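Notes for the one structure printed next.
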Amino acid sequence: MSDERDDTQPTGPALGKDEWVARFGANRVRRSGALGVLEQRLATVSWWAWLTLFVAVIAALPLGIESGYVRRVAFDTVVLMLLALGLNIVVGWGGLLDLGFVAFYGVGAYAYALLASDHSGIHLPSILLIPLVAVIGALAGWLVGLPSRRLLGDYLAIVTLFFFQIFLTVTNNGDNVFGASITNGPNGLLNIDPLSFFGWTIPRSTSEGLFNVAYIYVALAFFGVVYVALRFVNESRTGRAWRSLREDPLAAEMMGMPVNRLKLLAFAFGAGVAALTGTFASALNGSVFPQNFEFPLLITVYTIVILGGQGSQVGVVLGAVIVSVLLEVLRDANDARSLFYVALVLGLYGAFRASTRLVVVLGGTIVLGFVLRTVAGAIDGSWTAGTAEDAGRAAHLAAEWVIVPLEPARWLAPAAYLVLVTLVLGLTLVGGRLRLAALVPTLYLAAFVWENVLLAKPEATRYIVIGVILVGLMIVRPNGLLGEKRVEIV
Amino acid sequence: MADRVLELQGVTMAFGGLTVVDALDLHVERGEIVSVIGPNGAGKTTLFNLVTGVYRPSAGDIRFEGSSIVGLEPHAITQRGIARTFQTLRLFLNMTVRENVMAAAYGHTQAGVIRSMLRTPGMRREERAIRALAEERLGFFGERLVGYRWDQPAYSLSYANRRRLEIARATATNPRLLLLDEPAAGMNPNETLEMAELIGKLRDVGGYTILVIEHDMHVVEGISDRVVALDHGVKIAEGTFEQVATDPKVVEAYLGTGAMARKAL
Amino acid sequence: MDVFLQLTLNGLTLGSVYALIALGYSLVYGILKLLNFAHGDVFTVGAFVGFGALQLLGGVAHPAVPIWLLLVLITLAAMAVCAVLGVAIERFAYRPLRDAPRIAPLISALGVSFFLAYSLQLLFGADQRDYDAFNLGSGVLFMTGFTIPGTEVRVPLLRIVVILCAFALMVVLWLLVTRTKTGKAMTATSIDREAAAMMGINVDRVIVFAFVLGSALAGAAGVLFGLRAPFYPSLGFLVGLKGFTAAVIGGIGSIPGAMAGGLILGFAEAYTQGYVSTRWSDLIVFVILVTFMLFRPQGLFGKADIKKV
């Protein structure tokens, strides 16, 4: 009898399942294969080494490339990284849905513009202005969060979304507030001061009229500081409290954490980071317009955070790089075309690996394409006489395979698009051979739609892709690339 | 009247027309273990929710160490020295075991956001103290929750260990009064026995005053200095375990009486 | 007085459209506790479908059928397409996330909203469109009507049609929810989904039903809106925002609340536009929303939640 009791004494390790679950960390869900090995190796490198490397790479990037475009993209990417870091505080750590986030970025940009431009006649030095604007942004966030302080995420979402709309209303109509022009309406504020530190102005472009790299460095410096500061906060009692309230607000409150105040703090913090980002974006652009801060930007930043993985700082930074590059690639028809086919093949490989199914689907699609194109061309020459958008090698290859009508009927684009969407959704419902068989025409139709409908309107296409990524991620991989897999109820 | 940690005077709680707790008087002396028993729906958990500030009583007063805590927000009540566990576990599942406990130290630590961002020496000292506190509180459970388990996410723990972790988390708020809501629910007989020992140890070694809701009469018998029986929000008996267990009203509440059985026919 | 009456009329028209949209939010929220951000875009799709149907039936200039039939047909077309769309959204974007953390379906909803708005832009361009109701049947919708006795306020037929149509739909909805078995199942599901499932209610079907009703109403609202004002692909954002503000004011989850909220919003907007400025009406609506949040967060007809531990 006493022997049996010994086994279950607190000191004994043999507690059956409990022990098994806890001791073998390897039992937890982990990525497998080469990626998993790589992840484990990389996990041993300290975080600040990574950060330094990352900043150094971005800093070195524009040096070799004398292209204003590339520099501009690099700068915008850093801006997106900062915005994602800010939103990550609110969404990833606090678990709050802040749909007014971009408005705080706008508040920062406008505040900078008003306090350092000819429009108002005030020219505050950057060293003073930037922290001031960050505080203004944080205060604005605090105020907006206040009415929903005792309420659930849903109400916060509504108030913040509406605040976003109000921000747009105010900036758009601010050219006539009791006769005074504050924001100059849709025409925006112009002639904003560039950054200047201790009387030393950083010009926006070099003497050759090229984008001044210094702005990238300023942005990177802010990024580094914000990243480190946020990391420290996350590892402090405040960070723990934020994550606690994300997990279970009521339990957090019961454990002595003032949940409402902490929510507001997270909210204000995110707003402060957004406003801070607004300052140097404003300084670089030299102008602000209401349309710089619209709904698409909000969704883009959300996509970044979700893609990278809510709660993971490294993740959202990577997410920003990926989304930023993706959006740029989609801007150019030829790049977008290459991307499409590469993504298609990679996606198929990811789904089937190296198997006969992969060969069947790929081969089937290619054959189907040539057959259909030949048949279509034989029936009516104009059906295949269209030229693929933007010449290039990929375009030539595609033009040999995809049907591109010279003058497509007006109903063709909507019909093809709708059928494609229906087919793709339908594919998720069927399985086995049926799915395999349906995949072939779907892929061809996708190529057809991409060439004929989507490439023609890159602006809409970019955002459709973003929307699809967002929904798809939430369903397939809500923890994103690097976010921790979360358990809700066990 | 020696040293009353908790005192409820005529506390009533009504939701709409339904009175869940009715003019309840209850007190807990320092160093006591008081058990609350009663059938389902007797108002036991509501009692906890009233004490911890989740609900505000419709009438009556709740005093903690002499001063009223009615109307205070839950976190403020916790910071004054009352901590609880939950009948349905409410851990921060995706945080590590140690973080769960460290998080609960929020109420009695100071480092603000600015100091955290700058990692001031004071903040780092406090952080080390929080960590030491968490490890100490987890050490209370022997080897159940130490070592490699510190860095495991809470969801990887077994059910019994989750119950233990909840208690460790509650003690990290540095309470003087501990409210345990069915700490032995769902445990096997051995674990239950261990939990009963642990509750005694919490009082004797940890120095906490304990108010506990429990269904397992063996546990109640083993740990209680005093037992309070509730039914339909009314206190129907109070005293030692023997007194309460043999009280006809308690037996009636649990089993129904012959009279009621006849009425049902 | 004339101005006031005119504005009241405007508010009533606008408010009844908002109310229709708010109902969709409320129905879905009542059951799933989900803010369906895509709802506003379903509304826009409705406006576009109605427009397309109008063109198919011969356009404004030479409609193939009598005007009343034309209006009925385009409204029904929009309602049908939107109902299908709503079901598809629920099936593919929300159902897989039903047991996910609360924030997940909200973000998915944002994605759907974005996808719909930009798909419309892709297929139909970003330009404004107009039903050109003024020329419909050589202006019968505007020429006919009556003048309110004792004033100079004219009530054109179009407004009567819009208001009557909106209210008729609301009455139908009310009857569907309170009198039919499925409607009662909806109420049960909204109170406790799990318990309802255990009582033998097919919860999936109830949810689909809510989406069908809500989306069909949004489709109708799209057509009624399109008859009065120009629309464009990204309109759904703003109108949707107003719609769910109306739902919140009325008490989200409550059907009479959604109607009341819609009307309040419509009046507030109309009076602001009339007496203050057209530019700042959004601001007034926002102030109303925040006031409600501060003083009566459960809305006019909502009940305060009891926290469960």
Side-chain angles (χ1 to χ4, degrees), chain A residues 4-5 7-13 15-25 27-28 225-226 228-262 265 268-269 311 484-490, chain B residues 52-54 73-79 83-84 86 90-95 97 99-100 102-113 115-119 123 126-127 130 141-144 148-149 151-161 166 169-170 172-174 190-191 193-194:
Chain A
E4 253 180 64
R5 281 279 292 141
D7 280 349
T8 55
Q9 283 299 303
T11 47
L15 264 173
K17 197 177 165 219
D18 173 24
E19 199 65 16
W20 181 83
V21 169
R23 180 151 292 170
F24 298 98
N27 290 336
R28 284 189 300 146
V225 170
V226 167
V228 173
L230 290 183
R231 205 193 147 92
F232 283 171
V233 171
N234 189 31
E235 286 171 356
S236 76
R237 75 192 251 278
T238 313
R240 280 190 298 272
W242 279 339
R243 279 174 286 136
S244 304
L245 77 89
R246 177 194 71 196
E247 295 284 318
D248 188 335
L250 186 76
E253 175 82 28
M254 289 298 175
M255 292 302 127
M257 296 170 239
V259 165
N260 294 325
R261 217 166 59 215
L262 283 162
L265 188 67
F269 229 73
E484 298 237 330
K485 205 169 200 136
R486 282 199 199 146
V487 177
E488 192 81 344
I489 310 152
V490 182
Chain B
T52 51
V54 180
E73 286 190 79
H75 69 261
I77 292 177
T78 307
Q79 288 174 13
R84 72 175 288 180
F86 298 90
R90 303 192 77 137
L91 288 168
F92 308 130
L93 284 180
N94 296 296
M95 291 161 69
V97 168
E99 272 187 319
N100 263 275
M102 287 172 80
Y106 188 91
H108 55 84
T109 44
Q110 269 87 44
V113 190
R115 277 168 68 197
S116 303
M117 280 197 285
L118 299 175
R119 289 246 141 154
M123 179 267 172
E126 190 181 89
E127 194 71 3
I130 295 174
F141 300 88
E143 292 194 355
R144 297 280 193 204
Y148 62 92
R149 284 234 174 84
D151 296 314
Q152 305 268 324
Y155 64 72
S156 73
L157 293 182
S158 70
Y159 190 78
N161 268 342
E166 270 225 337
R169 187 178 68 172
T173 63
N174 285 350
N190 280 326
E191 290 166 339
L193 196 67
E194 199 187 301

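Everything numeric in this text was worked out from a predicted model, so none of it was measured. Numbers restart at 1 for each chain; the letters A, B, ... are given by sequence-line order, proteins then strands.
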Heaviest contributor of heavy-atom pairs below 4.5 Å to chain A, chosen from B:A170, B:G107, B:A111, is B:A111

Residue set satisfying side chain to side chain donor-acceptor pair (under 3.5 Å) with A:R243, at least two apart, ordered chain then number -> A:N234, B:E99

Given B:E73, B:R115, B:R119, B:M123, the one with more heavy-atom pairs under 4.5 angstrom with chain A than any other is B:R119

Do the side chains of A:S244 and B:M95 get nearer than 4.5 Å, heavy atoms only? yes

Between B:Y106 and A:T238, the two heavy atoms sitting closest are CE1-CA, 4.2 Å

*asked:* Side chains of A:V259 and B:H75, heavy atoms from C-beta outward: is any pair under 4.5 Å?
replied: no

Of all heavy-atom pairs linking A:F232 and B:M117, the shortest is CD1-O, 3.2 Å

Applying a strict 4.5 Å limit to non-hydrogen atoms, the region of A:L230 in contact with chain B is neither

Output for pair (A:R237 CZ, B:Q110 CD), nearest 0.5 Å, gives 7.0 Å

Bottom line for B:T173: the part with an atom under 4.5 Å from chain A's heavy atoms is side chain

Here the pair of heavy atoms bringing B:R169 nearest to A:A251 is NH2-CB, 4.1 Å

Bottom line for B:E126: the part with an atom under 4.5 Å from chain A's heavy atoms is side chain

When rounded to the nearest 0.5 Å, the distance separating CD of B:E166 from CE of A:M255 is 6.5 Å

### Task
Could you tell me whether the side chain of B:F86 reaches within less than 4.5 Å of the side chain of A:M254, counting heavy atoms only?
yes

Given B:A104, B:G112, B:A76, the one with more heavy-atom pairs under 4.5 angstrom with chain A than any other is B:A104

Under 4.5 Å to a heavy atom of chain A? For B:A83 that would be neither

Nearest heavy-atom contact between A:E253 and B:T78 is O-OG1, 4.0 Å

